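In this text, all values refer to a predicted model and were calculated from it rather than measured experimentally. As the structure lists them, so they are numbered: ligands from 1, and atoms in each ligand from 1.
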Amino acid sequence: MIIALAALSLGIHGRVAAGQEDACNFALLGSRANLEVLDTCSSQLLEGLGLGSDPSEDFDPEQQTLTCFGIMRGLGSQFGYANNTRRVCWETPHMNLTSISCEVLNSIAWELMVLALRHLALCTGLFGDIAEEIHEAMADEVQQLAGAVLSREIEMQDSAPTGLLIGEKLRHLHTDLVQPLQAQGHTRQVVSRLLAFGRKAFEHSNWMVWRDTHFVWLHDSLREGRVVHTAWGPSERWEELGANDAHTASSLIGGTSRAPAYGFVNEGSQRQDILQNLLKKLHQRRGGEQIHVVEIGVFKGSLSKFLLEKLPFVTLLGIDPYIGKDGTFPGDFSETMDPDVALAQAAAVYESYKDRAQLLPVTSDVAARTIPNGSIDAIFVDGCHLYECVDSDLQIWLPKLAGAGALVAGHDFSPQWPGVVRAVHEHRLDSQRVYLGMDWTFWWYVE
Ligand SMILES: *[C@@H]1O[C@H](CO)[C@@H](O)[C@H](O)[C@H]1NC(C)=O
Ligand SMILES: *[C@@H]1O[C@H](CO)[C@@H](O)[C@H](O)[C@H]1NC(C)=O
Ligand SMILES: CC(=O)N[C@H]1CO[C@H](CO)[C@@H](O)[C@@H]1O
């Protein structure tokens, strides 16, 4: 069954300005969508809505669009994000089933998002004035179309191997989409549901690609008994990203037989979001008390600022010796910013929260001397990334933690920094829990 978007356009045919092709007059195919057609159509619609024609990453999430039901924010950004997520699918081309599942989900999401955009363009008068009752009635039609495309897709996925990865997700998204609408404002509801579908589908794609790639790489490493360079790509890849010790041989004691109990958890796509979620939960578990957090490796203070801004219950101690470029921390930070400039920026952040934030520009072991045992609720280890450093940070700071349930988290559990992997592994041998999330984040709770 081919569901024709043309059916939807019956009401508007002839309204498209003379000489202007309606590039969006195509049949909805779900996972078999023609991406070129979608590109042309969405470019046209985005331009019509005053958003520029090429969805790129730098769309402003605050950018406002005047629509038939009021101002919308971030519409362009969502298309930029969508466009980028397509590339995520092929980030790790060896993960065939994951890549294909990712692409299937993305194609469906693109179609539904373009459907939303098109409906928005229609009711916003891009193709001429249409009475409100008509675009309200069209919204119902759009919801039914989208629902039907999804049902068909779910049916196909049920018998396909990709169904294992995306079947359940599609079912949930379908349920959300076809919920009965509230009496007023069908257009607004349907458009937001279709866009929400896109957002969730892209989040799921990112997570799926991340989890599966991370899992395969970790599995390979444990089997070899050392950090290897498989699913995430060769070690040369990491060198391009700046200072690192990707080539350092890092053995993992006992390999699989003595490994920690690794678990893959989706707590958000960036470390700041993950940490925010974990600290919120910790705050609840600790009865709503103020939470004392130590951040090892502050640099210019972006993470500190985020946490202080978002989490009023956090008291933060930031530690960073501001040594400068010595190859022990990641990325191109040391290339792009002078340590004095970084320190000045971080100091300004801490200054503006000085009632609950303190920055110590010293090494982690020196800072630790002033901190009593059992007084800290959470640490985030993101300083020097070499094995010796991470191992020492963990040894120094674990006694500072306030007993059971305290959080140990950190960054760069990755093939780029095998020393981090080795240190975490050695601290959690023999089936102790270690959670792995996106953005190379790791964490566990003190037992
Ligand atoms: C999406 O990104 C590609 C480049 O990766 C670009 O060629 C294309 O025009 C973009 N826009 C749309 C609507 O897909
Ligand atoms: C803090 O804990 C460490 C490690 O258990 C121990 O060696 C040290 O003596 C403790 N310090 C104090 C002041 O109790
Ligand atoms: C389409 C695709 O990604 N194919 C890949 C499947 O996995 C093999 C083995 O890892 C790769 O060589 C293919 O490129």
*Do Phe413 and Tyr262 have ring centroids that are under 6.0 Å from one another?*
yes
*So, for Trp440 and Trp217, is the gap between ring centers shorter than 6.0 Å?*
no
_Would you say His292 and Ser375 are linked by a side-chain donor-acceptor pair, where the criterion is simply a distance under 3.5 Å?_
no
*For ligand 2, which atoms have a heavy atom of Pro399 less than 4.0 angstrom away?*
2 (O), 4 (C)
*Of all the non-hydrogen atoms in the protein, which one sits nearest to atom 10 (C) of ligand 2, and at what distance?*
Asn373 ND2, 2.3 Å
*Determine if the distance from atom 7 (O) of ligand 2 to the closest protein heavy atom is below 4.0 Å.*
no
_Looking at atom 4 (C) of ligand 2, tell me if a protein heavy atom falls under 4.0 Å from it._
yes
_Asp176 and its salt bridge (Lys or Arg N to Asp or Glu O under 4.0 Å) partner, picked from Arg171, Lys200, Arg193_ = Lys200
